[in-house]
Student: 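Quick one: the structure is below, questions incoming.
Predicted model, so just to flag it, every value in this text is computed and none were measured. Starting from 1, each residue takes its place in the sequence as its number.
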Amino acid sequence: MPIPEIRISDYTYELPSGRIAAYPAERRDASKLLIYNKGKISEDVFSAIPDYIGPESCMVFNNTKVVPARLIFRKDTGAFIEIFCLEPFDPEEYNLSFSSVGTCCWKCIVGNLKRWKSGKINLYVPMWAEKEFGEIGLEAEIVSMDKGQIVVRFTWSGQWRFSEVLDKCGRIPIPPYINREAEDIDIERYQTLYAKYRGSVAAPTAGLHFTDNVLSALKMKGIDMENICLHVGAGTFMPVKSEKIGGHPMHSEPFSVSRELLEHLQEFSGRKKIVAVGTTSVRTLESLYYLGVKCLEAGPGNWGVEEVGQWDPYADKKWPGLSESIGALVEYLHINRLDRLTARTRIIIVPSYRFKFTDMLITNFHQPQSTLLLLIAALIGENWRNVYGYAMGHGFRFLSYGDSSLLIP
């Protein structure tokens with residue numbers, strides 16, 4: 001299958017700024033829910049979603065946790081420098097980096113970079129916060145700049161772990177299209193209730209609607225609930241600038257899944273409907289098949305940590321069966337005595353993609369001309385226009401803090 005010749009301009013719609021939700025609904029599960037079921041569209045409230053998920057289903061959640069990754073520094077000249085932490089560089093492993101004391105390095109985006117070429121700069125601490133933040137003494141300096149990748153070394157005083165430094169000094173990185181500064185409400189609401197593993201700089205927003213009551217109702221119905229962990233990067237907001245999607249470079253994101261989940265996916269194949277909670281869960285689930293193919297091709301004993309390439313799914317080759325592919329991953333973990341599979345993915349899911357796992361998708365409404373809108377079109381075809389037209393005509397709120405949808409192709 002060749003790389004699809006898709007013009008991004010064919011996947012757009014009019015999104016007035018007033019329809020972008022600037023704040024979350026008063027209650028998480030009070031958001032509106034659009035149900036697309038094999039061509040038919042209806043609506044409900046999100047708290048009713050257990051009514052639309054059959055008992056012979058498995059829901060897959062992304063339990064990544066958003067970190068307060070925005071740090072504001074100030075030079076002696078008075079210039080403000082914003083540093084947006086993307087992912088750890090040294091130590092490279094997330095847990096080790098968050099546990100670092102005294103110093104660590106991160107790949108970053110730097111705002112107002114032209115005003116900061118070299119030297120150490122200090123965290124900006126307002127006068128009212130000097131007692132709380134001043135003792136940390138957080139400093140930053142650029143270690144390297146290569147092909148747009150900036151590595152920043154952070155140093156600080158005391159026995160604080162870097163996770164504690166971020167919690168005290170950082171700000172929640174709410175999306176730029178919300179067009180406001182982060183507020184206290186975002187600390188709680190730009191985070192899922194089931195968030196567990198630190199690492200994301202953007203929330204898996206489909207999960208923001210779930211409450212303890214909704215999760216309990218799903219469990220009481222006998223629905224299986226599984227977790228993956230994909231750390232969402234800032235690339236999720238990167239606009240498509242190329243005329244055709246073939247010219248758009250997808251960002252790389254790290255993910256991990258348990259051996260137990262892989263075994264369950266083998267067991268559930270053909271018996272249970274897989275309900276992906278959010279596009280990040282979709283991208284992780286679908287990437288597993290292609291990792292399994294790499295494992296089969298290299299041999300379980302030789303395969304190491306890999307990355308699914310952007311266009312791997314569209315290669316012209318004979319593909320093995322789903323069970324065979326996932327079985328290779330399980331065997332690899334067993335041989336190497338590993339409980340979790342860790343890898344990265346650049347997968348792009350666009351019309352013509354053949355889904356391996358995803359039977360249903362719970363997701364918010366995405367930006368025009370975005371890769372996420374292409375994913376929706378890959379799942380439900382040209383009916384995405386009807387879904388978004390209905391949402392626009394019936395008062396649904398859009399993007400990260402907006403309303404939700406359940407898509408059943």
Student: Got a salt bridge between K244 and D10, using NZ or NE/NH1/NH2 to carboxylate O under 4.0 Å?
Tutor: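 No, no charged N to carboxylate O under 4.0 Å.
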Student: For a quick check under 3.5 Å, do E183 and Y23 share a side-chain donor-acceptor pair by atom type?
Tutor: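 Judged by distance alone, the side chains do pair up.
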Student: If you count the non-hydrogen atoms of other residues, nucleotides and ligands that lie under 6.0 Å from CD in E382, is the total more than 12?
Tutor: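 More than 12 heavy atoms, drawn from other residues, nucleotides or ligands, come within 6.0 Å of this atom.
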Student: Please determine whether salt bridge (Lys or Arg N to Asp or Glu O under 4.0 Å) holds for the pair K120 and E139, giving the CA-CA distance in whole Å, both sets of side-chain angles, and the decisive distance to 0.1 Å.
Tutor: CA-CA 6 Å; K120 291 185 177 182; E139 296 180 327; 3.7 Å; yes
Student: Are E253 and T345 close enough that a side-chain donor and a side-chain acceptor fall under 3.5 Å?
Tutor: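 No pair is found: no donor N or O on one side chain lies under 3.5 Å from an acceptor on the other.
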Student: Do the charged groups of R153 and E141 touch, with an N to O distance under 4.0 Å?
Tutor: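 Yes, charged N to carboxylate O under 4.0 Å.
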Student: K168 vs E164, test: salt bridge (Lys or Arg N to Asp or Glu O under 4.0 Å). Steps then yes/no.
Tutor: CA-CA 6 Å; K168 283 186 170 293; E164 296 171 317; over 6 Å; no
Student: Answer yes if the ring centres of Y36 and Y390 are under 6.0 angstrom apart, and no otherwise.
Tutor: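 No; Y390 has its ring centre 6.0 Å or more from that of Y36.
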Student: In this structure, which one of F89, F98, F154 forms a ring-ring contact (aromatic ring centres under 6.0 Å, His included) with W106?
Tutor: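 Of the listed options, the one satisfying the test is F98.
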Student: So among R74, R171, R70, which one has a salt bridge (Lys or Arg N to Asp or Glu O under 4.0 Å) with E82?
Tutor: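 So the option named by the test is R70.
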Student: List the atom pairs, with distances to 0.1 Å, where a side-chain N or O of residues 47-54 and a protein N or O form a donor-acceptor pair under 3.5 Å, not counting sequence neighbours.
Tutor:
unit_1	atom_1	unit_2	atom_2	d
Y52	OH	D44	OD2	2.7

Student: Among side-chain atoms of T342 and S256, is any donor-acceptor pair under 3.5 angstrom?
Tutor: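 Result is no, nothing qualifies.
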Student: If you count every heavy atom of other residues, nucleotides or ligands that lies below 6.0 Å from H334 atom NE2, does the total exceed 12?
Tutor: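 For H334, atom NE2 is not crowded (no more than 12 foreign heavy atoms under 6.0 Å).
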Student: Would you say the side chains of N62 and Y194 form a donor-acceptor pair under 3.5 Å?
Tutor: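 No, Y194 and N62 have no side-chain donor paired with an acceptor closer than 3.5 Å.
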Student: With a cut-off of 6.0 Å (strictly less than), are more than 12 heavy atoms of other residues, nucleotides or ligands near CD of E92?
Tutor: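 No, CD of E92 has 12 or fewer neighbouring heavy atoms, counting only those of other groups under 6.0 Å.
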Student: Might you confirm whether atom NZ of K221 has over 12 heavy atoms from other residues, nucleotides or ligands at distances under 6.0 Å?
Tutor: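 Above 12, so yes.
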Student: Regarding S252 and R344, is there a side-chain donor-to-acceptor distance under 3.5 Å anywhere?
Tutor: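 Present: a donor and an acceptor within the cut-off.
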Student: Determine whether E56 and K273 satisfy the following criterion, salt bridge (Lys or Arg N to Asp or Glu O under 4.0 Å), listing intermediate values before the conclusion.
Tutor: CA-CA 7 Å; E56 292 300 316; K273 297 289 187 181; over 6 Å; no
Student: Are the aromatic ring centres of F73 and Y124 under 6.0 angstrom apart?
Tutor: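 Ring-ring flag for F73/Y124: false, centres at least 6.0 Å apart.
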Student: Taking atom types as modelled and ignoring hydrogens, do the side chains of Y197 and N63 form a donor-acceptor contact shorter than 3.5 angstrom?
Tutor: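 The answer is no; no qualifying pair exists.
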Student: Assess the side chains of N364 and H209: does a donor N or O sit below 3.5 Å from an acceptor N or O?
Tutor: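 On atom types as modelled, these side chains qualify, holding a pair under 3.5 Å.
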Student: When the ring planes of F365 and F398 are compared, do they come out parallel, tilted or perpendicular, using 30° and 60° as the limits?
Tutor: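 Taking F398 first and then F365, their aromatic rings sit tilted (interplane angle of 30° to 60°).
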Student: So does A79 get a backbone contact from the side chain of R115, meaning a donor-acceptor N/O pair under 3.5 Å?
Tutor: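 Such a contact is absent between R115 side chain and A79 backbone.
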Student: Quick one: which residue pairs count as a ring-ring contact (aromatic ring centres under 6.0 Å, His included) with a foot in residues 239-280, not counting sequence neighbours?
Tutor: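 Pairs touching residues 239-280 that pass the test: H264-F268.
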Student: Does any donor atom in the side chain of S370 or Y11 lie under 3.5 Å from an acceptor atom in the other side chain?
Tutor: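 Looking only at side-chain atoms, Y11 and S370 do not form any donor-acceptor pair under 3.5 Å.
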Student: Between K317 and E297, does any NZ, NE, NH1 or NH2 come within less than 4.0 Å of an OD or OE carboxylate oxygen?
Tutor: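 Yes, charged N to carboxylate O under 4.0 Å.
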Student: Can you tell me how far the CD1 atom of I185 sits from the CD1 atom of I172, to the nearest 0.5 Å?
Tutor: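 If we round to the nearest 0.5 Å, I185:CD1 and I172:CD1 are 12.5 Å apart.
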Student: Which is it for R189 and D184 under the salt bridge (Lys or Arg N to Asp or Glu O under 4.0 Å) test, yes or no, and what are the steps along the way?
Tutor: CA-CA 9 Å; R189 296 298 299 276; D184 288 345; over 6 Å; no
Student: Does R161, at its CZ atom, have more than 12 non-hydrogen atoms belonging to other residues, nucleotides or ligands within less than 6.0 Å?
Tutor: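 It does not: R161 CZ has 12 such atoms or fewer within range.
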Student: Measure from NZ or CZ of K114 to the centre of the six-membered ring of W116, then state whether that distance is under 6.0 Å and the direction lies within 45° of the axis.
Tutor: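 K114 over W116 ring: no.
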